[in-house]
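Here's the structure we're looking at; comments come further down.
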Amino acid sequence: MQQTMSFWRGTGVLAAVVMLAGIGSASAQTQGMERRNQRRDNRAAARAAKQACKAGDEKSRSECRQEKREVKQAGRNGGGSEANATPAP
């Protein structure tokens, strides 16, 4: 009797672990979280572009700002988000 209960308890625990592992591997991110991560990546790329521009010393401060804007705008329009894209006429 004790061995039978132990077997069923072990089977139940194994089934629970398999179910939880299946849930954990599913995509847990929502669309909003993905968009936020994309915006963070775009900002980081723009910062890196500006730092590289400032380190080069061949461009003025305003040219570096413009380059940063262009990188951010390219991230908005090229990132797959249609919310910030300009509408087609």
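All values below come from the heavy atoms of this structure, side chains included, with hydrogens, waters and symmetry mates left out.
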Closest contact, heavy atoms only, Asn42 versus Arg76: ND2-N, 4.0 Å
Take Lys59 and Glu67 through the salt bridge (charged side-chain N to carboxylate O under 4.0 Å, His left out) test and state the conclusion after the steps. CA-CA 10 Å; Lys59 292 184 180 178; Glu67 185 175 324; 2.9 Å; yes
NZ-SG distance between Lys68 and Cys53, expressed to the nearest 0.5 angstrom: 11.5 Å
Whether the side chain of Glu63 engages the backbone of Ser60 through a donor-acceptor N/O pair (distance < 3.5 Å, no angle test) should be reported. yes
Got a second to check how far Arg69's CZ is from Ser62's OG, nearest 0.5 Å? 9.0 Å
Run the numbers on Arg36 and Arg40 for side-chain contact (heavy atoms from CB on, under 4.5 Å), then give the verdict. CA-CA 6 Å; Arg36 181 179 62 211; Arg40 287 179 179 173; 3.7 Å; yes
Just checking, is any N or O donor in the side chain of Gln38 or Arg35 under 3.5 Å from an acceptor N or O on the other one? no
Within the 4.5 Å heavy-atom criterion, are Arg47 and Lys50 side-chain neighbours or not? no
I'd like to check Glu70 versus Gln66 (side-chain heavy atoms, cut-off strictly below 4.5 Å). Are they in contact? yes
